[in-house]
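Worksheet for the structure shown next.
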Amino acid sequence: MAASLLVGNIAEGTVYFLMTKLASVLEKEASLLRGVSHEIEEIKQELQSIRSFLVEADRRKDTSEGITTWATQVRDVAYEVEDIIDEFIYHVNIPQKGGITGKLYSVIQAPSGLIARHQIATRLQRIKATVQAISDRRNRYRLEQVEERSSSHGANEEWKYQRDSSIFIGEDDIVGIDENRDLLIGWLTEEEEQQRLVLSVVGMGGLGKTTLVNKAYNNQIVKGHFDCHAWITVSQTYRVEELLRNMGNEFLKAKEPFPSDISSMSYPRLAQTLAEYMHSKRYVIILDDVWSIDVWNNIKVALPDNRHGSRIIITTRNVDVSSALGDKSHVFYLEPLNQSDSWSLFCKKAFWSNPNKSCPEQLEPLARIIVEKCEGLPLAIIAVGGLMSSKDTTELEWRKVYSSLGWELSNNPILERVKSILLLSFTNMPYYLKLCFLYCSVFPEDYVIKRKRLIRLWIAEGFVEERRGMTMEEVADTYLKELICRNMLQLAKVNYFGRVKACRVHDIIRDLALSMCEKENFCLVCDGKENMEDRRRPRRLSIQSCRNLLPGRTMSVSRLRSFFAFVPDISGATSLHATLSKFRLLRVLDLQGVPIHTLPNELLELFNLRYLSLKGTKVKEIPKSLSSLHNLQTLDLRDTHIERLPSGINKLLKLRHLLVFRYLPKEFCFPFHFSHITGLPASRGIGKLNNLQTLTCIRANEEVIQEIRNLSQLRRFSIINVRASDGRSLSTSIRNMRQLLYLIVMANEENEPLNLEALYPPPPFLQKLVLGGQLDRLPQWFTLLSNLSFLSLHGSNLKEDPLPLLGRLPNLTRLLLQKPYAGKHMLFKADWFPKLKTLSLWELARVNQVEVEEGAMPNIQQLWMGFSQEIKMLPQGIEYLTTLKQLYLEEMPDELVQNLRDKKSKDRWKVQHIPSIKLTDRDRTKIESLPK
């Protein structure tokens, strides 16, 4: 079932994006098609019909062998059409040179161009015939009829059986739920709250939501507390009438007085009958496995709010469902099992025949690694434990299974239930989310994936649809949020705005997705375990082992669209130079962290390249011919040894993200110094790059400051080496960046003034602002920064206290002040900084007292202070900061530190409410945690 659905999903997504590309080609390249437009249009129309059938097959969960084979053929021919179109676009867009040389060049090139066009036209004719044959084959073998009598009904029944079986899990399979069960029981039976309340239990598939709720629901105290009860399994495919009938049948089975003719009732009558029946009763209803908020909207009319203390529990994998339930709802996020409970559960299953169910000593190290891979997912722990119980208790046998766990998930019947339950989340997603999710499998196990990197990759691959009024990046951001809400990706980090900063994929889900991706040639991961001498034709290749940096000779890479290398050392490996020539149609080349020193010339032949990352490499120079990469959208040169951008970069008119800054190692960044960040001089003509959304970070000069005035689409911009005389002109340029979200402006040196008074009004949506340099006073436009969440001021040395102005910024969440103020006293007044969570005060050279009034910073969580030798006591009023979770003091006066260490000191009581207090010296060689 899983493989069948995946083939259809990939085929449908591939066909859709190909249709989008064909439509774009027909619209934008019409004058260049010359004789092949008819074939392209016919192929597009035929694919449109094919995709409609695939969508319907996916909706009905068709798993028949005929559909699977047919969908594989569709996917392969769609890949081939895409390759032909990309080559065609390349040939018709070969740039022509001017002058006599250009005319001579055109004459010389004309014959080869005509030959290429003829070859492409011939291939399109052949492809058109193939597409038509595939379409005819569907009708010839009556796949529609096969689909109608397919096993979709059986699949639904099988899933219902699996769901229901979760209710009857034995006590030996239940570990670590006692506390959560008791919490649910307490919530269900609370007498004080008489309103009808809704609780959603949220978590990824296999986490034990159904089991947990069932144990609370069947508790005798709960049963006796309510007048009537009903457990309704919803699942992906449901009819609201059936859900209501099932509810009525539950009442009938309990021998409660309920109308027996519900089988013939319509939806309105069913809803009315149930509402009237429960109007005077205290009821508890469980809606298990809800996938859409539509379920609640359709069924809540039958659940009256009768103020008798009724309760409703919804289990769901989708956070969006829980957030749409209304004001009277509560959310319970179910967490994975902790390490101890995971180990206990695994041993119960894997070593059930051993005395005390204990793990043999020789297997324990490997067994713990296997348990760790399950990441607290009870379903996986039980299934994998059951699998290992059938194996010989030898380290060799166990290591074999561990090494092939991905294969086992897809092929071993013992793990079929794990696969089926986890894949339900996948099959429930729209096609664009499926492709975006599968793409995450290119990253290594446990890899923390940065949000912005992932979004740019999705765009480069063509997975992101255009939406009116939104940038592609904003659309992709909604995709990422949805994948996290659906628990397909795990949240790894959030930034100070509360936005996703990084995510990761659960190991078990990644193994399952990866095994499917490899079967369908969506992606191949080379991690040293695979056979590189096979004949696969992967669409994406991820190198994760130094042993096999490059594919074997028999592997076809002509269709490759993405190439990733996650290797810290490539010594002794085959030359990357010789291999890039095979990657002719590559869209993504990500060499982040690979220690290459030069760029191969073959790189410049990758006419289709959208994304190039050399971040963290040792590359020193970018060739001028980089300008030939006309499709490039992202160029990431961060933390390289490159000193200058090529002059031809202004020809990359599709460039959206240009990242060129370099930081010194992190441990030297606090306190910050202007030498810690370096950028590159911008090339002449950079103002022509009208599609740029990210430009970080460039060195200022008069010409650059004038040119960036044209970059009105910028969202992120940073500029360094700014002189005092640049201020007015730079302010004018920045005012044109009306979409700007992040702005960093650093002066040429610490003592250089920043003259930014003319930046009025500032970009209206600005969220992050970093200013480095002297300021006579805070510009008046600071009062307009209503969206600002992050502010960092370095070396301002203001004569006036900045706090009265900054304290009134309504959304400021994080504030970092380094050498901010030339005065001696800083006062945080009541009601200032209403949303501030992190405050950092560094190098307060003359300040000798920091004072906090009661009511100031009501949401503060972290306070960092350092390198301020005049501050010899804790901030006065620190005891008012009741939400403070961490106090971090670095290189502060001995008098303050000793006073903190002394439990009997007069100030020690003021910090008793702070869970974590850390003291450190300048070199951070010794970090001391203050005991409670």
Side-chain angles (χ1 to χ4, degrees), residues 95 452 456 459-460 471-473 599 603-604 609-615 619-663 677-723 725-748 756 758-759 763 766 770:
K452 285 181 279 192
R456 292 164 187 163
I459 294 171
T471 66
M472 299 285 275
E473 287 76 9
L599 283 177
L603 171 70
L604 308 176
L609 201 64
R610 266 73 168 165
Y611 182 102
L612 174 60
S613 176
L614 302 173
K615 181 182 177 183
V619 172
K620 297 180 180 179
E621 186 177 0
I622 298 288
K624 294 180 180 179
S625 49
L626 183 78
S627 60
S628 64
L629 301 178
H630 295 291
N631 289 309
L632 200 62
Q633 298 173 351
T634 296
L635 179 59
D636 191 346
L637 305 177
R638 289 174 291 176
D639 297 320
T640 62
H641 298 284
I642 296 168
E643 298 294 337
R644 185 173 298 277
L645 291 170
S647 57
I649 200 170
N650 59 6
K651 296 180 181 179
L652 303 180
L653 300 182
K654 294 183 180 180
L655 201 62
R656 302 170 70 88
H657 306 283
L658 177 58
L659 305 105
V660 296
F661 61 81
R662 182 169 78 238
Y663 283 119
I677 182 172
T678 62
L680 299 184
S683 303
R684 179 177 297 178
I686 196 169
K688 297 178 182 178
L689 304 181
N690 294 323
N691 287 310
L692 270 184
Q693 294 196 25
T694 304
L695 179 57
T696 59
C697 120
I698 60 170
R699 298 178 192 167
N701 61 54
E702 285 186 27
E703 186 175 7
V704 165
I705 290 174
Q706 289 290 332
E707 288 213 37
I708 62 174
R709 199 162 295 177
N710 299 320
L711 304 180
S712 59
Q713 297 303 309
L714 280 178
R715 265 66 174 174
R716 292 174 172 83
F717 175 61
S718 60
I719 186 169
I720 64 173
N721 299 111
V722 176
R723 297 167 300 175
S725 58
D726 297 327
R728 180 167 293 276
S729 179
L730 179 61
S731 296
T732 302
S733 294
I734 295 174
R735 283 206 310 270
N736 286 347
M737 304 173 187
R738 302 293 293 170
Q739 306 300 319
L740 203 64
L741 301 175
Y742 304 94
L743 173 63
I744 300 176
V745 181
M746 306 299 296
N748 191 44
L756 297 176
L759 183 53
L766 202 63
V770 179

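Values in this document were obtained by computation on a predicted structure and should not be read as measured data. FYI, side chains are in, hydrogens and waters are out, and symmetry mates aren't considered; it's all heavy atoms of this structure.
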Apply the test side chain to side chain contact (heavy atoms under 4.5 Å, CB included) to residues Val722 and Asn748: give CA-CA distance (whole Å), side-chain angles for both, the deciding distance (0.1 Å), then the verdict.
CA-CA 5 Å; Val722 176; Asn748 191 44; over 6 Å; no
Would you sort out whether Thr732 and Leu759 count as a side chain to side chain contact (heavy atoms under 4.5 Å, CB included), showing the intermediate values?
CA-CA 7 Å; Thr732 302; Leu759 183 53; over 6 Å; no
Please report the closest heavy-atom contact between Thr694 and Arg456, naming both atoms and the distance.
OG1-NH2, 3.7 Å
Answer with yes or no whether the side chains of Arg709 and Ser733 bring together a donor and an acceptor at under 3.5 Å.
yes
Heavy-atom closest pair (Ile734 atom, Leu740 atom, distance to 0.1 Å) is CG2-CD2, 4.2 Å
Given 3.5 Å as the limit, does a donor-acceptor pair link the side chain of Gln693 with the main chain of Arg715, or not?
no
Asp726 and Ala700: which non-hydrogen atoms are nearest, and at how many Å?
OD2-CB, 4.3 Å
Give me the one residue out of Leu632, Leu695, Ile698 that meets side chain to side chain contact (heavy atoms under 4.5 Å, CB included) with Leu658.
Leu695
Atom pair CG/OG of Leu645 and Ser683 - distance to nearest 0.5 Å
4.5 Å
Which residue pairs pass the side-chain hydrogen bond (donor to acceptor under 3.5 Å, both in side chains) test with at least one member in residues 695-704, sequence neighbours excluded?
Arg684-Glu703
Backbone N/O of Ile686 and side chain of Glu707: donor-acceptor pair under 3.5 Å:
yes
Can you confirm whether Glu621 is buried at CD, in the sense that more than 12 heavy atoms of other residues, nucleotides or ligands lie under 6.0 Å from that atom?
no
Exam field: side chain Asn710 to backbone Ser712, donor-acceptor pair closer than 3.5 Å
no
When rounded to the nearest 0.5 angstrom, what is the spacing between NZ in Lys654 and CG in Leu629?
12.0 Å
Please determine whether a side-chain nitrogen of the Lys or Arg among Glu473 and Lys452 lies less than 4.0 Å from a carboxylate oxygen of the Asp or Glu.
no
Residue pair Phe717 / Met737, side-chain heavy-atom distance below 4.5 Å
yes
Side chains of Leu743 and Leu766: closer than 4.5 Å at any heavy-atom pair?
yes
Are any non-hydrogen side-chain atoms of Ile649 and Leu635 less than 4.5 angstrom apart?
yes
Residue pair Gln739 / Leu714, side-chain heavy-atom distance below 4.5 Å
no
Could you please spell out the steps behind the side chain to side chain contact (heavy atoms under 4.5 Å, CB included) verdict for Arg656 and Gln713?
CA-CA 9 Å; Arg656 302 170 70 88; Gln713 297 303 309; over 6 Å; no
Mark yes or no for whether Thr640, through its side chain, and Leu637, through its backbone, hold a donor-acceptor pair below 3.5 Å.
yes
Quick one, Ile459 with Gln633, criterion side chain to side chain contact (heavy atoms under 4.5 Å, CB included). Give me CA distance, side-chain angles, the key distance, then yes/no.
CA-CA 9 Å; Ile459 294 171; Gln633 298 173 351; 3.5 Å; yes
Do Asp636 and Leu614 have side chains that get closer than 4.5 Å, going by heavy atoms?
no
Kindly determine whether Thr634 and His657 satisfy side-chain hydrogen bond (donor to acceptor under 3.5 Å, both in side chains), including the steps that lead there.
CA-CA 5 Å; Thr634 296; His657 306 283; 4.7 Å; no
Return the minimal non-hydrogen interatomic distance between Leu711 and Leu689, and the atom names on each side.
CD2-O, 3.2 Å
Please find the pair of heavy atoms, one from Asn690 and one from Gly687, that lie closest to each other, and give the distance.
OD1-O, 3.4 Å
Where Cys697 and Ser718 come nearest, the two heavy atoms and their spacing
CB-OG, 2.8 Å
Would you mind reporting whether Val745 and Val770 have side-chain heavy atoms less than 4.5 Å apart?
no
Any side-chain heavy atom of Ile705 sitting closer than 4.5 Å to one from Ser729?
yes
